[in-house]
Structure formats: structure tokens, C-alpha cells
Amino acid sequence: MKTKQKQKTKLPPFFPVFIETVKSPAWLAMSCDARSLYVQLKQRYNRKEQKAVYLSRRTAAKELGANKDTIGVLYRELRHFGFIVQVQAARFGGKGEAARYRLADEPYLGQPPGMDFTRWRGAAFRRGLSDRTGQAVRRRRTETPNFPANHLSDAVGQI
């Protein structure tokens, strides 16, 4: 009699998110939106080639259902917590090219993972500040200014 050989089941395509990464204090302090962007970047990483990953703001905004300006803030947040390191700046000229990032928990060009997020020391990420200068980023005013609750009744009485 023939013995039944075990059928090898092939897993569908997947990418690992390491336990050490998701249990780190930096991961737990990061916003859910930044985590989602990191997962999108991680999905594009090729473990065989070990090269930098790229994802344009527009594409990320479309995939995550967010504004492209928000995606820029999320990239800054990922850099702040040490999950990505920019290895090539974005280029604009002709077609344009997105910035390229090294993932901190993956090998890069034959070098071992940097694990930069393990060296994060608890500094809070402040959304309104620039990474480079530490100065406030100028924002468009979208909300109405805060007025006292009775400001309209005072104006009506003076007319």
C-alpha cells in the first residue's frame, strides 16, 4: 500500500511584522495612523533585495483614505520614533520621485537591522513642529477663532 504523503500547503503572500517591533514603547506611543502607514511601507519591502522602500504621499493617501498633507505628518512621526530612516530625498523635476526609506527592523543592503526605535527615549511627537528646525509649522486657519459665548449678543446691543 502507498502511504499518504503529507500535502504541503503553500501560504499566500505575506510580510512579517515582528513582535519586538509591536511591543516596543515607541510603537505603543505612536498614532494608529502612523502604524498603518508603516504597514503599507513594510508591505513593499523585498527581503531578498534588501533595498529601501518608497511610497508617494498621493498613493499612501489613496490607500489609507487620508489627505496627502496628513501623510507627510505621518512620515515625520515614523522618523521621530525611529521606524524609518530616509536614505534618499524626494526629487521633483520632470516626473518626480518619492523619497526612499530604510525600515529600522529590516536588513538594508546586507547590513543588519538598525532597530532605531529601540533607542527612543520617550520624547513626545509634536505634530505642529518641524523635524529640522523645531519651529512651529505654519498652518492654514480652518476653524473659527474662539470667542466668548456672549459675543454676538453684545454686538447686537451696540447697534
Side-chain angles (χ1 to χ4, degrees), residues 4-143:
K4 289 186 179 180
Q5 292 188 6
K6 290 183 181 179
Q7 286 183 322
K8 290 185 179 182
T9 57
K10 189 174 181 182
L11 291 173
F14 71 97
F15 57 94
V17 178
F18 303 114
I19 292 173
E20 184 179 359
T21 302
V22 298
K23 296 243 181 203
S24 70
W27 181 269
L28 298 173
M30 197 165 46
S31 71
C32 294
D33 295 335
R35 294 178 197 174
S36 298
L37 178 59
Y38 182 77
V39 168
Q40 291 299 320
L41 289 168
K42 185 88 167 186
Q43 177 183 347
R44 288 165 169 73
Y45 179 74
N46 186 332
R47 292 184 68 84
K48 290 180 183 175
E49 293 180 7
Q50 299 182 352
K51 292 184 178 178
V53 295
Y54 62 93
L55 178 61
S56 73
R57 286 184 182 188
R58 271 193 195 137
T59 305
K62 192 180 294 183
E63 290 179 5
L64 296 176
N67 183 306
K68 65 182 176 69
D69 295 333
T70 303
I71 298 298
V73 172
L74 297 178
Y75 271 117
R76 283 194 314 109
E77 187 173 353
L78 285 171
R79 285 196 310 266
H80 171 80
F81 286 107
F83 287 97
I84 60 174
V85 177
Q86 186 173 340
V87 295
Q88 181 182 349
R91 291 187 259 182
F92 309 102
K95 189 175 179 187
E97 192 173 309
R100 295 181 186 270
Y101 299 94
R102 170 181 66 81
L103 300 178
D105 64 346
E106 292 286 359
Y108 175 66
L109 299 177
Q111 299 172 355
M115 304 300 274
D116 299 341
F117 57 90
T118 60
R119 292 185 289 279
W120 176 71
R121 295 291 175 235
F125 176 72
R126 294 172 36 187
R127 286 185 175 253
L129 297 181
S130 169
D131 272 351
R132 296 182 191 138
T133 63
Q135 296 177 358
V137 176
R138 195 168 56 155
R139 293 185 175 173
R140 288 182 236 156
R141 185 171 209 126
T142 55
E143 68 275 352

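Taking the side chain as every heavy atom from C-beta outward, Leu64 and Leu37 approach each other to under 4.5 Å. Considering only heavy atoms from C-beta on, Gln50 stays 4.5 Å or farther from Leu109 through its side chain. By the 4.5 Å heavy-atom criterion applied to side chains, Tyr75 and Thr70 are not counted as neighbours. Using a 4.5 Å heavy-atom cutoff, the side chains of Leu74 and Arg127 are in contact. Counting heavy atoms from C-beta outward, Pro112 and Pro107 have side chains that stay 4.5 Å or more apart. With contacts defined as side-chain heavy-atom distances shorter than 4.5 Å, the pair Phe14/Pro12 does not qualify. The closest side-chain heavy-atom distance from Val85 to Tyr101 is not below 4.5 Å. Using a 4.5 Å cut-off on side-chain heavy atoms (C-beta onward), Val73 and Phe125 make contact.
Within the structure, the ring-ring contact (aromatic ring centres under 6.0 Å, His included) test picks out no pair touching residues 55-74 (sequence neighbours left out). Evaluation of the side-chain hydrogen bond (donor to acceptor under 3.5 Å, both in side chains) test over residues 22-32, restricted to residues two or more places apart or in two chains, returns Ser31-Glu77. Within the structure, side-chain hydrogen bond (donor to acceptor under 3.5 Å, both in side chains) pairs that include any residue of residues 103-117 comprise Thr21-Asp105, Tyr38-Asp105, Lys42-Asp105, Lys42-Glu106, Arg47-Glu106, Arg102-Asp116, Asp116-Arg119 (at least two apart or interchain).
Considering all non-hydrogen atoms of both residues, Gln88 and Glu97 come closest at NE2-OE2, 3.5 Å. Closest of all the heavy-atom pairs between Gln40 and Glu63 is OE1-OE1, 2.6 Å. Between Leu55 and Ala60, the shortest heavy-atom distance links the atoms CD2-CB, 3.7 Å. In terms of heavy-atom proximity, Ala29 sits nearest to Trp120 at CB-CH2, 3.5 Å. Residue Leu28 comes nearest to Val22 through the heavy atom pair CD2-O, 3.8 Å, listed as atom of the first residue, atom of the second, then distance. Considering all non-hydrogen atoms of both residues, Gln86 and Ala99 come closest at NE2-CB, 4.0 Å.
For Tyr45, there are no ring-ring contact (aromatic ring centres under 6.0 Å, His included) partners at least two apart in sequence or on another chain. Under the rule for a side-chain hydrogen bond (donor to acceptor under 3.5 Å, both in side chains), Arg58 has no partner lying at least two apart in sequence or in another chain. By the side-chain hydrogen bond (donor to acceptor under 3.5 Å, both in side chains) test, Thr118 pairs with no residue at all, sequence neighbours left out.
Under the 6.0 Å cut-off for aromatic ring centres, Phe117 and Phe83 qualify, their centroids lying closer than that.
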Problem - Working for side chain to side chain contact (heavy atoms under 4.5 Å, CB included), residues Lys51 and Arg100 - result: CA-CA 9 Å; Lys51 292 184 178 178; Arg100 295 181 186 270; over 6 Å; no
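No donor-acceptor pair closer than 3.5 Å links the side chain of His80 to the backbone N or O of Met30.
One finds the CG atom of Asn67 at 10.0 Å from the CZ atom of Arg57 (value rounded to the nearest 0.5 Å). Note that CZ of Phe81 is 11.5 Å distant from CZ of Arg76, once rounded to the nearest 0.5 Å.
We find that Arg44 and Glu49 are not joined by a salt bridge, their nearest charged nitrogen and carboxylate oxygen being 4.0 Å or further apart.
Taking a 6.0 Å sphere around CD1 of Ile19, one finds it holds 12 or fewer heavy atoms contributed by other residues, nucleotides or ligands.
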